[in-house]
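The sequence lines fix the lettering, A, B, ..., with proteins before strands; numbering per chain opens at 1.
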Amino acid sequence: MYEPQAVEARWYEFWCERGCFTADPHSPKPSYAIVIPPPNVTGVLHMGHVLNNTIQDILCRKARMDGREVLWLPGTDHAGIATQAVVEKALRKQGVIKHRDELGRDKFLEHVWAWKQKNGGIIIQQLKKLGCSCDWSRERFTMDPAYSTCVQRVFVALYRKGLIYRGKRMVHWDPAARTALSDEEVDMVEEKGHLWHLKYPLLDEHGQPRPDQWVVVATTRPETMLGDEAVAVNPEDPRYQKLVGRRCLLPLQNKAIPIIADPLVDPKFGTGAVKVTPAHDPADYEIAIRHGLPLTVVIGPDGVMTAQAGEDFDGMDRMEARQAVVEELTGQGLLLKTEDYVHNVGYSQRSHVPIEPYLSEQWFLKYPSVEPAIACVENSPPHMRFFPDRWARTYSHWMHHLRDWCISRQLWWGHRIPVWYRRTPGRESRAAEGTPGREPLRPRDAAPAAADIWCDVTPPQDAEHWVQDPDVLDTWFSSWLWPFATMGWPEATDMLRKFYPTTDLVTGPDILFFWVARMIMAGYEFMSDPRFGLADALPFRNVYFTGIIRDKLGRKMSKSLGNSPDPLELIGRYGADALRFGTMRSAPLGQDVLFDENDVVLGRNFCNKLWNACRFRQIQGGRGLGGIVPDLLTRDDQWILLRLDRAIRELTGALAAYNFSEAVQILYRFFWSECCDWYLEACKASLNPEAAPPDAAGDAPDSAAARRANTLAVLDFVLSHTLRLFHPFLPFITEELWHGMGYHEHQPPGQGDTTIMFAPWPQPLGPGMLERFGVLQDCLEVAEAKQELVVQGRNLRRETHVAPNRKVTFVLKPSMDVPPQDRAVLTLLLNAAALDVDPSFQPPKGTPSARVRLGELYLPLDGLIDVAAEQARLAKELGRAEAEVAKAQQKLSNPAFVQKVPPHVLQEHQNRLADWTAKRDQARHALDRLTRG
RNA sequence: GCGCGGUUAGCUCAGGGGUAGAGCACUUCCUUGACACGGAAGGGGUCAGAGGUUCAAUUCCUCUAUCGCGCACCA
């Protein structure tokens, strides 16, 4: 039994020691490159990583065997929000602090770095356990000094180009992480909520409330009414026209607010009158700007109601405040009704709390190089291809509707924005947000004078007169540079020259916008410089999108559900090869992956089968790749060579199409069904002549020995190819067997002599080779016919209840020549004493028989056994044959069919009819004789 | 609301105008000399539904149902 644990550790060390994974930029070989989607430094390996990285490893290992110089560049991502949250939580747990503010920025960052130093390498070590052949000498981290400089340089360049600007905008605010987010970091979740209809009393011309008159507004967020500054109606709405210009009383706040007309209001929705909360709703903010309304902030950045909300609500959580406002309005009789209402609520992808629209000063980027980034995918043929290609449409749609990217984050952990503001007496820190309050709105922030702002990679000389912007950049603002910032950009390094553009990118569709699209734009923006000498600056040529890993019930894997297995544990139990094989087997192109541990068990079983097949070969003695003598090839030898040829073709095609589950299926079929189930068994007739009756083999002793040697040579040829075909999927066991079988001893230097990693990828056998081996296509038919005979023979045995261990003699009344070698194989596989080939055989009455392509197969039994059972068997067969005959006849009796159908299809149906007619007649005949006898 | 993808054996999925496939699971049998993490033989499907094109549709077209995923400022 195969034990993977020791084997895997040993070979991984071997590969690393010999630098097998190291990419050489000066190599004359054509390049192949992948940059890893950098996992989060705080992360631990999960099934999604296994899927993603196994695919990358398969591609890289295949490329090496194709003779390419491979770079798989690994690294990790600093993951601003996640890492900061993890470290802060850890510090809180240790009782060091209650909030990071107590430590201050510098001290806190020291803790994060210490934490990173200690825990940041975990996932890298785990990737090694999986067998990933990354170039570890080139591992990168997005906060490496060189990488950080790239980020700053890019910021400065885009700023100077006028694409980066600062402005006061309504942004998506995460009240838990207390930072702005980009549009992409918000998930819209459908939720059952309510639509509350609130009555705002109308005021007369003297500012007195009219108890009998009011305007009714509908809202899903009643707590925001505390910050209302108007009620808006559509100017065309006849119901409200006479109210426009009047004022109403904002309840609870006892504040007069105007009724205004704005075309944004949809008269058909709700009551047609909208409460306007400029500080807490993006649409309302637009209206407020148009009408010069003031801005009242009632919800603070922490999601807690501010003093502006009034003393009854000050300090209350926004959700509590919602209840409190509803209760209060109910008490005052101002709640007209509450409707159930299903709507979409934005949630922070990071903190999973509802997003708060929040007005604040942030940095934005107008995306650069949009046109080439669109064109490279939309061109025909495209310069960059997506797999599956439907993602190209999603990409295009997003690219055609770009909105400026909010790149600043109110965090400490990350790349600090390289902008300094001149200290001015009245305004110590421009960066500090003013305390929330009521302030008049300006249309858009006026930019500060150029002399008061410093944007550069280096701080200003007179640093004491300047203060740096406190914010950091969105993590994706660093990772979008990954394909070139990891290779020495902005210098035109040898690495960039050799490996950029990279070949393939493997990632999940969930980060298509976050990462893939932005990398494409960054590639065009920063690699188009003539210094790089690129005809096309795209960062990669192919993007493969994996599915999302789910459990076998189809649920997303998550820590809280506890349905996510630990890959390391799986590797410990079954081996990395098994995990890889199982994962690939269940990962169809373009669909989610339903992971079932059973697949890993299957992978383990598969490895064990491979192990044992090789063991079988070893037991036969001799070692290593002998020459094949074409004249001595049996028809089964020829057959397996053809099957190998097909497997090579199909597997190579499946990999070129990134169809990994199909690739695994091809390997499975070839190795298990064809190689083991048939060929290995058939081999035994040549390898073990005494296993078959001596007369059946029909060979003289010395020619039997020669044939035996030849069969071993074929077996070695097939197995050595098989190991290579499997290597990208099962790197460890194939390396172990490659050496164990001695195949490495026969390889040219650097092409498989020290490691199977560099053994050439198998090529189809080709017409020349097939001719030399005398391999004829008709041996496929002969093999099929033999297989049919074996199945039917076993079937006869079983249905006539012959004990499995009882050696019987079958008789074949042949319809074609059956050479002694084939007879020996058939005898062996039938587990029979003999297979007599007798053209003039006269079966005793009631002899069970089956019609097969090779003739009529009989199982003569001593004395008549169960006649009734045999009758039943034949009757069943007859019934089936009659049904098939009728079906074929019906088709062929349709004149339209016979006239219009293509000749080969007609022929097929005619053959089918003949075949089943013969079977029917045989069964009928046998039944007749049985009954009469 | 718009767009995309799916609906095929108990399960997970291939397939593709010309007798429905694989693996797993299931039933029965077998420790025979590579392997019980194995071998042998079986059972099991109106290919979601309704129309249309065709000699022929599970496959192509239209519509419906249903599930999933994107995108969308309707309070």
Side-chain angles (χ1 to χ4, degrees), chain A residues 1-2 170 188 195-196 217-221 224 232 264-266 268-277 281-286 341 343-344 346 357 388 390-391 393-394 397-398 401 509-510 512-513 548 550 552 554 574 578 585-596 598-599 601-620 659 661-662 664-665 668-669 672-673 676-677 680-681 684 688 691 790-791 794-799 801 803-805 807 829 831 884 887-888 891 894-902 904-906 908-909 912 916:
Chain A
M1 199 168 299
Y2 177 57
M170 193 64 80
M188 299 306 274
L195 196 56
W196 285 275
V217 295
T219 182
T220 54
R221 303 190 58 197
T224 63
L264 199 66
V265 180
D266 177 359
K268 291 189 289 294
F269 186 87
T271 62
V274 185
K275 57 190 272 312
V276 178
T277 320
D281 183 280
D284 292 4
Y285 177 68
E286 295 303 319
Y341 187 63
H343 62 146
N344 292 313
R390 64 188 147 85
W391 290 110
R393 298 177 54 136
T394 308
H397 183 263
W398 190 75
H401 298 84
D510 49 333
L512 171 56
F513 307 143
I548 292 171
R550 299 172 179 279
K552 62 180 166 185
Y574 305 108
R585 200 181 155 283
S586 57
L589 179 63
Q591 277 181 51
D592 286 354
V593 182
L594 298 198
F595 178 80
D596 185 345
N598 223 355
D599 290 323
V601 173
L602 194 91
R604 178 202 57 181
N605 296 353
F606 193 90
C607 291
N608 194 48
K609 186 83 173 174
L610 185 59
W611 181 258
N612 280 297
C614 288
R615 206 165 73 92
F616 169 75
R617 164 64 190 90
Q618 286 176 314
I619 288 169
Q620 304 307 318
N659 206 333
S661 63
E662 189 186 293
V664 166
Q665 207 184 328
Y668 199 102
R669 183 203 60 210
W672 203 302
S673 309
C676 292
D677 286 352
L680 238 51
E681 296 304 323
K684 291 176 182 170
N688 246 355
V790 168
V791 168
R794 286 167 173 169
N795 210 339
L796 281 180
R797 274 186 91 115
R798 184 183 171 80
E799 291 187 346
H801 303 107
N805 52 356
K807 294 276 183 188
L829 292 180
N831 193 25
E884 292 293 340
K887 244 162 74 179
K891 269 238 149 143
N894 179 355
F897 174 78
V898 179
Q899 249 172 40
K900 297 195 176 183
V901 83
H904 74 276
V905 177
L906 183 64
E908 211 179 292
H909 283 259
R912 198 175 301 149
W916 281 110

Novice: If you only use heavy atoms from C-beta on, which nucleotide in A41(B), A34(B), G18(B) is closest to the side chain of Glu908(A)?
Specialist: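 Of A41(B), A34(B), G18(B), G18(B) is nearest to the side chain of Glu908(A).
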Novice: Indicate, with a heavy-atom threshold strictly under 4.0 Å, whether Cys676(A) touches base, sugar-phosphate, or nothing.
Specialist: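 Result for Cys676(A) = base.
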Novice: Say we look at G39(B) and G33(B): how far apart would their C1' atoms be, to the nearest angstrom?
Specialist: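 G39(B) and G33(B) have their C1' atoms separated by 14 Å.
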Novice: Just so I know, are the side chains of Val274(A) and Val217(A) near enough to count as touching, which here means a heavy-atom distance under 4.5 Å?
Specialist: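 No. Closest side-chain heavy atoms not under 4.5 Å.
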Novice: Please enumerate all residues that pass side chain to side chain contact (heavy atoms under 4.5 Å, CB included) together with Ala283(A), with sequence neighbours excluded.
Specialist: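 For Ala283(A), the residues satisfying side chain to side chain contact (heavy atoms under 4.5 Å, CB included) (neighbours in sequence not counted) are Leu264(A), Asp281(A).
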Novice: Please list, chain by chain and in numerical order, all residues satisfying salt bridge (Lys or Arg N to Asp or Glu O under 4.0 Å) with Glu662(A), sequence neighbours excluded.
Specialist: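 Scan of Glu662(A) (salt bridge (Lys or Arg N to Asp or Glu O under 4.0 Å), adjacent residues dropped) gives none.
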Novice: In what stems does RNA chain B take part, counting only runs of at least 3 consecutive Watson-Crick or G-U pairs whose two distances fall under 3.5 Å?
Specialist: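 Stems for RNA chain B, defined as runs of 3 or more consecutive pairs: B:1-7 with B:65-71, B:10-13 with B:21-24, B:26-30 with B:38-42, B:48-52 with B:60-64.
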Novice: One pair to check against side-chain contact (heavy atoms from CB on, under 4.5 Å): Phe897(A) and Leu906(A). What are the steps and the verdict?
Specialist: CA-CA 8 Å; Phe897(A) 174 78; Leu906(A) 183 64; 4.2 Å; yes
Novice: Taking only the side-chain heavy atoms of Ile619(A) (C-beta and beyond), determine which of A41(B), C71(B), A34(B) contains the nearest atom.
Specialist: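 It is A34(B).
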Novice: Regarding A40(B), can its base be found pairing with the side chain of Glu681(A) as donor and acceptor, where the two atoms are less than 3.5 Å apart?
Specialist: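 For Glu681(A), whose side chain was compared with the base of A40(B), there is no donor-acceptor pair (under 3.5 Å).
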Novice: Could you check whether Val601(A) gets within reach of a base, just the sugar-phosphate, or nothing at all, counting any heavy atom under 4.0 Å?
Specialist: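 No contact.
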Novice: Give every pair of a protein N or O atom and an N or O atom of nucleotides 12-16 of chain B that lie under 3.5 Å apart, one pair per line with the distance.
Specialist:
{"from": "A14(B)", "atom 1": "OP1", "to": "Gln591(A)", "atom 2": "NE2", "distance (Å)": "2.7"}

Novice: Distance between the P atoms of U27(B) and U19(B), in whole angstroms?
Specialist: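 Comparing P positions in U27(B) and U19(B) gives a spacing of 33 Å.
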Novice: Let me know the distance between CZ of Phe513(A) and C1' of A72(B), rounded to the nearest Å.
Specialist: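 Distance, rounded to whole Å: 12 Å.
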Novice: Quick one: on RNA chain B, does Arg550(A) or His904(A) contact a more 5' nucleotide (nearest heavy atom)?
Specialist: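 Nearer the 5' end of the strand: His904(A).
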Novice: Is any side-chain N or O of Arg794(A) closer than 4.0 Å to OP1 or OP2 of A41(B)?
Specialist: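 Yes, Arg794(A) has a side-chain N/O under 4.0 Å of OP1/OP2 on A41(B).
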Novice: Report yes if at least one side-chain N or O of Lys684(A) is closer than 4.0 Å to OP1 or OP2 of U32(B); otherwise report no.
Specialist: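 Negative; the distance criterion is not met.
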Novice: If you check every side-chain atom of Asp677(A), which of G70(B), C37(B), A40(B) has the closest atom?
Specialist: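 That would be A40(B).
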Novice: With a 4.5 Å heavy-atom cut-off, do Thr277(A) and Tyr285(A) have their side chains touching?
Specialist: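 No - every pair of side-chain heavy atoms lies 4.5 Å or more apart.
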Novice: Provide the distance between the two P atoms, one in C47(B) and one in U7(B), to the nearest whole Å.
Specialist: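 Result for the P pair: 14 Å, nearest Å.
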Novice: Are any of Lys900(A)'s side-chain N or O atoms less than 4.0 Å away from OP1 or OP2 of G18(B)?
Specialist: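 Checking G18(B) against Lys900(A), no side-chain N or O comes under 4.0 Å of OP1 or OP2.
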Novice: For Arg550(A), what residues pass the side-chain hydrogen bond (donor to acceptor under 3.5 Å, both in side chains) criterion, not counting sequence neighbours?
Specialist: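 For Arg550(A) the side-chain hydrogen bond (donor to acceptor under 3.5 Å, both in side chains) partners, ignoring immediate neighbours, are Asp592(A).
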Novice: Given the C1' atoms of C35(B) and C30(B), what is the spacing between them in whole Å?
Specialist: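 Comparing C1' positions in C35(B) and C30(B) gives a spacing of 15 Å.
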Novice: Could you pull out all residues at least two apart from Arg794(A) that satisfy salt bridge (Lys or Arg N to Asp or Glu O under 4.0 Å)?
Specialist: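 If we apply the salt bridge (Lys or Arg N to Asp or Glu O under 4.0 Å) test to Arg794(A), skipping adjacent residues, there are no hits.
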Novice: Mind checking Arg390(A) for me? I need base, sugar-phosphate or nothing, with any heavy atom below 4.0 Å counting as a touch.
Specialist: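 Contact class for Arg390(A): sugar-phosphate only.
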Novice: Give me each pair satisfying salt bridge (Lys or Arg N to Asp or Glu O under 4.0 Å) with a member in residues 603-615 of chain A, each pair once, sequence neighbours excluded.
Specialist: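 Non-adjacent pairs meeting salt bridge (Lys or Arg N to Asp or Glu O under 4.0 Å): zero.
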Novice: Find the distance Asn612(A):CG to G39(B):C1' and express it as a whole number of Å.
Specialist: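 Between C1' of G39(B) and CG of Asn612(A): 13 Å.
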Novice: Just to verify, what does Pro902(A) make a side chain to side chain contact (heavy atoms under 4.5 Å, CB included) with, not counting sequence neighbours?
Specialist: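 Residues passing side chain to side chain contact (heavy atoms under 4.5 Å, CB included) with Pro902(A): His904(A), Val905(A).
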Novice: Can you check the Asn608(A) CG to A36(B) C1' distance for me, whole Å?
Specialist: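 Asn608(A) atom CG is separated from A36(B) atom C1' by 10 Å.
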Novice: Check whether His801(A) reaches the backbone of Arg797(A) with its side chain - one donor and one acceptor, N or O, closer than 3.5 Å.
Specialist: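 Such a contact is absent between His801(A) side chain and Arg797(A) backbone.
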Novice: Using whole Å, report how far CZ of Arg797(A) lies from P of G42(B).
Specialist: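 Value for this atom pair: 14 Å.
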Novice: Measure the OG-CG distance between Ser586(A) and Leu602(A) for me, rounded to the nearest 0.5 Å.
Specialist: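 Answer rounded to 0.5 Å: 9.5 Å.
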Novice: Base, sugar-phosphate alone, or nothing: which one does Pro895(A) contact when heavy atoms must sit under 4.0 Å apart?
Specialist: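 Counting heavy atoms under 4.0 Å across all strands, no contact is made by Pro895(A).
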Novice: Give the rounded distance in Å between these two atoms: CZ of Phe897(A) and P of G17(B).
Specialist: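 That distance rounds to 17 Å.
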Novice: Just the atom pairs and distances: protein N or O near nucleotides 23-29 of chain B's N or O, under 3.5 Å.
Specialist:
{"from": "G23(B)", "atom 1": "O2'", "to": "Arg585(A)", "atom 2": "NH2", "distance (Å)": "2.4"}
{"from": "U28(B)", "atom 1": "O2", "to": "Arg798(A)", "atom 2": "NH2", "distance (Å)": "2.8"}

Novice: Take the protein atom CD of Gln620(A) and the nucleotide atom P of C35(B), then report the distance between them rounded to whole Å.
Specialist: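 After rounding, the reported distance stands at 12 Å.
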Novice: Report all interatomic pairs (protein N or O, nucleotide N or O of nucleotides 73-75 of chain B) with separations under 3.5 Å.
Specialist:
{"from": "C74(B)", "atom 1": "O2", "to": "Asp266(A)", "atom 2": "OD2", "distance (Å)": "2.8"}
{"from": "C74(B)", "atom 1": "N3", "to": "Asp266(A)", "atom 2": "OD2", "distance (Å)": "3.1"}
{"from": "A75(B)", "atom 1": "OP2", "to": "Tyr341(A)", "atom 2": "OH", "distance (Å)": "2.8"}
{"from": "A75(B)", "atom 1": "O2'", "to": "Ala218(A)", "atom 2": "O", "distance (Å)": "3.0"}
{"from": "A75(B)", "atom 1": "N6", "to": "Asp266(A)", "atom 2": "O", "distance (Å)": "2.6"}
{"from": "A75(B)", "atom 1": "N6", "to": "Phe269(A)", "atom 2": "O", "distance (Å)": "3.0"}
{"from": "A75(B)", "atom 1": "N1", "to": "Asp266(A)", "atom 2": "N", "distance (Å)": "3.2"}

Novice: Between U8(B) and A48(B), how many Å separate the two C1' atoms, rounded to a whole number?
Specialist: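 So the two C1' atoms sit 10 Å from each other.
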Novice: Measuring from atom NZ of Lys891(A) to atom CZ of Arg912(A), what distance do you get when rounded to the nearest 0.5 angstrom?
Specialist: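 Lys891(A) NZ to Arg912(A) CZ: 7.5 Å, rounded to 0.5 Å.
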Novice: Considering only the P atoms, how many Å lie between C24(B) and G38(B), rounded to the nearest integer?
Specialist: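 To the nearest whole Å, 9 Å.
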Novice: Work out how far the C1' atom of C61(B) is from that of G23(B), and round it to whole angstrom.
Specialist: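 Nearest-Å result for C61(B) against G23(B) at atom C1': 34 Å.
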Novice: For Arg585(A), check salt bridge (Lys or Arg N to Asp or Glu O under 4.0 Å) against everything at least two apart and list the hits.
Specialist: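 With sequence neighbours excluded, Arg585(A) shows a salt bridge (Lys or Arg N to Asp or Glu O under 4.0 Å) to Asp599(A), given in chain and number order.
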Novice: Looking for any heavy atom pair under 4.0 Å, which part of the strands does Phe595(A) touch: base, sugar-phosphate only, or nothing?
Specialist: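 It contacts nothing in the nucleic acid.
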Novice: Kindly write out the residues that satisfy side chain to side chain contact (heavy atoms under 4.5 Å, CB included) with Thr271(A), not counting sequence neighbours, or none if the list is empty.
Specialist: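 Testing Thr271(A) for side chain to side chain contact (heavy atoms under 4.5 Å, CB included), a comparison that skips the adjacent residues, returns His197(A), Val216(A), Tyr240(A), Ala273(A).
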Novice: Given that Arg615(A) and Val901(A) both sit by RNA chain B, which one's nearest nucleotide is further toward the 5' end?
Specialist: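 Result: Val901(A).
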Novice: By the 4.0 Å heavy-atom rule, please label Glu884(A) as base, sugar-phosphate, or nothing.
Specialist: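 The answer is base, as Glu884(A) lies within the cut-off (heavy atoms under 4.0 Å) of a base atom.
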Novice: Measure across Lys275(A) and Arg221(A) and return the closest heavy-atom pair with its distance rounded to 0.1 Å.
Specialist: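 Here Lys275(A) and Arg221(A) meet closest at NZ-O, 4.3 Å.
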Novice: Using the P atom as the reference point in each nucleotide, state the distance between A20(B) and G45(B) in Å, no decimals.
Specialist: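 To the nearest whole Å, 13 Å.
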Novice: Using whole Å, what does the distance between atom C1' of nucleotide A36(B) and atom CG of Asn605(A) come to?
Specialist: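 To the nearest whole Å, that distance equals 10 Å.
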Novice: Quickly work out the His909(A) NE2 to G17(B) C1' distance and round it to whole Å.
Specialist: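 One finds 11 Å between C1' of G17(B) and NE2 of His909(A), rounded.
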